[in-house]
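Notes follow the structure.
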There are 4 protein chains.
Amino acid sequence: MINRLAETPKVMLIVMQMDARPEHVEAVVRKIEAHGLKAHPIAGAQRTAIGITGNIGMVERGLFESLPGVLEVIRVSHPYKLVSREFKPPDTVVTVKTPAGGGIRIGGPDLVVIAGPCSVESHEQTLRIARRVQAAGAHMLRGGAFKPRTSPYSFQGLGCEGLEILARVREETGLPVVTEATDIDVLDAVTEYADVVQVGARNMQNYTLLKRVGRCGRPVLLKRGMTATVTELLLSAEYILDQGNPDVILCERGIRTFADHSRNTLDLSAVPAVKRISHLPIIADPSHAAGERAKVFPLSRAAVAVGADGVMVEVHDRPEEALSDGNQALLPDEFDHLMEAMRQLAPVVDRSIPVPVGT
Amino acid sequence: MINRLAETPKVMLIVMQMDARPEHVEAVVRKIEAHGLKAHPIAGAQRTAIGITGNIGMVERGLFESLPGVLEVIRVSHPYKLVSREFKPPDTVVTVKTPAGGGIRIGGPDLVVIAGPCSVESHEQTLRIARRVQAAGAHMLRGGAFKPRTSPYSFQGLGCEGLEILARVREETGLPVVTEATDIDVLDAVTEYADVVQVGARNMQNYTLLKRVGRCGRPVLLKRGMTATVTELLLSAEYILDQGNPDVILCERGIRTFADHSRNTLDLSAVPAVKRISHLPIIADPSHAAGERAKVFPLSRAAVAVGADGVMVEVHDRPEEALSDGNQALLPDEFDHLMEAMRQLAPVVDRSIPVPVGT
Amino acid sequence: MINRLAETPKVMLIVMQMDARPEHVEAVVRKIEAHGLKAHPIAGAQRTAIGITGNIGMVERGLFESLPGVLEVIRVSHPYKLVSREFKPPDTVVTVKTPAGGGIRIGGPDLVVIAGPCSVESHEQTLRIARRVQAAGAHMLRGGAFKPRTSPYSFQGLGCEGLEILARVREETGLPVVTEATDIDVLDAVTEYADVVQVGARNMQNYTLLKRVGRCGRPVLLKRGMTATVTELLLSAEYILDQGNPDVILCERGIRTFADHSRNTLDLSAVPAVKRISHLPIIADPSHAAGERAKVFPLSRAAVAVGADGVMVEVHDRPEEALSDGNQALLPDEFDHLMEAMRQLAPVVDRSIPVPVGT
Amino acid sequence: MINRLAETPKVMLIVMQMDARPEHVEAVVRKIEAHGLKAHPIAGAQRTAIGITGNIGMVERGLFESLPGVLEVIRVSHPYKLVSREFKPPDTVVTVKTPAGGGIRIGGPDLVVIAGPCSVESHEQTLRIARRVQAAGAHMLRGGAFKPRTSPYSFQGLGCEGLEILARVREETGLPVVTEATDIDVLDAVTEYADVVQVGARNMQNYTLLKRVGRCGRPVLLKRGMTATVTELLLSAEYILDQGNPDVILCERGIRTFADHSRNTLDLSAVPAVKRISHLPIIADPSHAAGERAKVFPLSRAAVAVGADGVMVEVHDRPEEALSDGNQALLPDEFDHLMEAMRQLAPVVDRSIPVPVGT
């Protein structure tokens, strides 16, 4: 019998009255926890709602309906809950702290551009490219220290040395850094150095990793798997939120289809689809989908036009020497051109481009 | 032996000297035709080139190299030829004649918006919607008289009566009309009434139909099949050009993938891919890909941002009564909003929105 | 209002009492036709049922329930009707007439093997291969006279000359012939010469062609489109049955996926899926899916093991000279090997291999 | 410059002369290791070859050509090496040790059937099902203790308690056990209890996990990812072999396509594709692909017919109570029927069904 319930995951949402007092909310939370469940209070402008997760199959609705301050108890039937807009209507804005103490806000009116090399290859290379994209207007630096590679014989990244390089370049430029944690072994190290921890497409359903980044204390950039539906992407985000980390930025990076004119098919319709059913921000990574430099510019522009909260692109000033994916990296001049296009496009889509840090 | 050659289609391109005289070109054309092949002279700004198609496997290059005025003879190895940019570098601009004698140009600096109901249901309905989209700024009217339907029990269109309605509405509004020819049986009727003959996604590889529209004397809107690669789309266009009709407008309308949040996945990367290898214009139809109203606006904007020469969208003022696909049709107010967004976006992508006819 | 009904196709099924007399059935049929609908009587072993198709949206159930001999009136909600097993529970067995007056039965206990060259190239080539596959045990000859080709510059078949060659070879060998009708233009000619008319994958949704073959008076081999769902395949068969032709043989020939180790992915699970929801026979064509000789043998064996009613394979004795698809054709010795495997496998799957005609 | 080499992985293969002595082989191995590379001696019936992996880009071929006993030095250009048939022509036969000291051989003439519940739910349930499938003839027991689940609210397995149950049931029945290691955290525990360690589809590109199972000392069952090409599957196996574990069994379990009549599309053509380019054994798991009981029998039969070395199926005697995937589990009687079909089919495909252990 237990299994039926386990197979039909449900969430309960307790909507408080507009005049409910803080002690009412606390009382509801205590009762939830007393039943071995988790409480997720969501303070809205007008009222508070409290999400419940856990094995709530046998929990009676009546348990909460009679408590003071409770307006309504709703069972949500979608497989995702914490990530759903039904659960939390307002957009989530993830704030990434900058070394100087400021913050970059993703998911609000700002349009954010993340740029940098595919792989960290050396301090000199990373700093050179970081300064270049910063001058052009990038808001964050990307760069892989650990690289998941299809072949065991491909360059797998500089590892911890790469993390240290990123940390130095962050100090030198003031740019916050996003880099990938390829597994739980390296998560602590990545968390120590990164401002945003990336979970790559191949790890989108690595549930152990998802749970750990849910407790890592950093914003998470979660890439859609090449074969993942939007529902599966949201459920993977749900793993992270369920562990207490609300700061998840989704990323569309292309799905696998029969089409052979690009490496993957950038599925831009996922952006409005996510926006409708979830409050989480979503950006696009056109570099990996396109697989070649020339398509990165038009696809970046399209991503912003379709409603993405930002783009992440690869930039390399010597792509012919890049240790990985050189032919999809924009040249610095092309990145200038892209930033210029972003600045022109932003007002058309009711966005603004923040002034980058350190400039 | 014949088969090897047949299996390895090739095209030959004869590049004339810059000072070649018209009689030189004519002499080359005559020699090509004397060998049972087709000649396709392409007059450029500086020089003329002459494409050769047909079974040229056994034709010696030397046959032409010695003729007066010939600079070079090149064998092209791509499976497509007439549609390729290598064959004809400048963009093709297709001109659609308007009833008033003007012309709408697709593939140049203008951004063209085609709008109207999925199906022609009555004269009153078609005229009402046509006047509404015209007032909003649409440049052409779309509407299906013959509807290919997956089920034999679905509404299959008004047929010839629908064509007559379209013709009346064209006279009444001055809007040129695009409508689909579902098979060779109805092609003559469609050609008589339509300004642009549409070949639908299901017919993209109906080669008999492609050959006939290649001789129909009207511009052709060729939709990409749900499972077609870009190469196959271009080869289908090649069938039309090979019959002497250079006025082909391609249309991306979504491909079939595992993704289930939209009916089809609009593959916007096909637009820059086509632009690079072909000179033909390409527009996008987000209505069929999205399958629901709310995604049509963001995807239209993305299509223009990625470089499409225009969009075709479905509009219905009473979608709940529509005989087909009502839930993907924009409401008239939403179409106003879309046109406003197009006008804002056009200068950002170096395009202009022409003033619609009859206004 | 009409549209709602048109958009929700339904079929009504009238189940007669076991002791209903022929005049009762006739009376029901007359009443159906009097309402502008089509009646499809299905005589079963114990009782008769009568399917109704057409725009039955507004037809009241009570219209028939009171007629003598009527047991029950059922509305079927699947989009397909005539093809569904709910509509007609027993398997359809399609009988293909042989020149000598016998019959090959597809869909019953017999396992049928259809073999021959991809294209008819000459009388000598076709007869040579036909005699060879006949000696090995093939039951029918395949060969294309009209070839739909992706490129306009590929070999498009010998056309009517090819049909005459097939007719001669049929007389000389006694093997019935299956060949493709690529469009309505050539359907009459194909119908005159072929024992089974093939509708190819690219034409699976060419509804005009489907309707015509529904009236052609020959069994039809309907190939699944590369991107068609099983529901769409059955709806295309529905078009044919709806025109009065019950003799449809379905054919799984591979779908388009991201997998790149074979040309298409032969979707063998479609066979039990079709068997469960439809009474129509289904065979498999592994040659086109595999795209290479070596996979045809194992996939043929798998197709029979999964429950297909037969296989259709390409055989060529000089594949290096074939005008199309030479590298997927089995060599004659390989076909001997395949027939031997079929004979061993048949009893394991409760099938028998009929002795071929003319041997 | 390093990157070029890293990006173009190569392997070197040293072919020894037929009369090369053991000390010659040892000398070559020492020289390989002295250059920081790994040596993989492969003793064949007639001669020995030695594979080299590592960053061999700058290693000169001449380094080895002059050593005594060396016939030839070959550079292999495929992305996979150790798994390739070119590298090791004879089939790999993986031996799974049974508790009683015997061995089950996968990849040779034997056809192996692995059966059991999706999840270990209790000792009683697991033992009951194990005895039942053993009586029917199953060779190994499957059962998940750790379950990767799309939703964080689904049943995630009994964990270590499940492993202990599996160990008890193994002692009680003598059946070797295959169970999944979902991440590196649990790998040691799984390795302690399991006879074969399974890497699931979602983890096929979890490279850290692959490297660890490459050193775990147990045979590995590696499932193809839902979106993985055959090349990617082989490269993931390469990760395992590269760490010194040659005992990898591949598993086709269905890919993600647009088809909606089954949960995934079982890609049986992958079996002959793998067999041609790799020496590794490959089995099929039709339960997950089909997603429903009725298709498991025909697809199992097809898998064996196409050349798979065995099948793995889910069996549950009370599927309505199963904690996961109950509707794809065969009932015990259906499994009897499947084993009977396997016994009939085996001789047709030149295989034999070994007598199960403990019977």
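Everything quoted here is computed from the prediction, not taken from an experiment. Lettering of chains follows the sequences in order, A, B, ..., and the numbering in each one begins at 1.
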Open item on the list: As an exercise: rank B:S269, B:G254, B:S300 by heavy-atom pairs under 4.5 Å with chain A and give me the winner.
Closed with: B:S269

Task: Between B:A303, B:A302, B:A259, the one whose heavy-atom pairs under 4.5 Å with chain A are most numerous - done: B:A302

Task: Any B:V83 side-chain heavy atom under 4.5 Å of B:I240 side chain - done: no

Task: Min side-chain heavy-atom separation B:L222-B:L210 under 4.5 Å - done: yes

[X] versus chain B, heavy atoms under 4.5 Å apart: side chain, backbone, both or neither?
X	value
A:R224	side chain
A:V349	both
A:R276	side chain

- [ ] May I ask you to decide whether B:E314 forms a salt bridge with B:R142, counting only side-chain N to carboxylate O separations under 4.0 Å?
- [x] yes

- [ ] Could you point out which residue of A:H316, A:R263, A:R293 forms a side-chain contact (heavy atoms from CB on, under 4.5 Å) with A:Q328?
- [x] A:R263

Task: Single hit among B:V313, B:V311, B:L299 for side-chain contact (heavy atoms from CB on, under 4.5 Å) with B:S287 - done: B:V313

Task: Distance, nearest 0.5 Å, that separates CG of A:L330 from CZ of A:F297 - done: 9.5 Å

TODO: Would you mind telling me which of A:H261, A:K295, A:K275, A:E232 has the largest number of heavy-atom pairs within less than 4.5 Å of chain B?
DONE: A:H261

Task: Top contributor to chain B contacts, counting heavy-atom pairs under 4.5 Å, from A:A294, A:G307, A:A270, A:S262 - done: A:A270

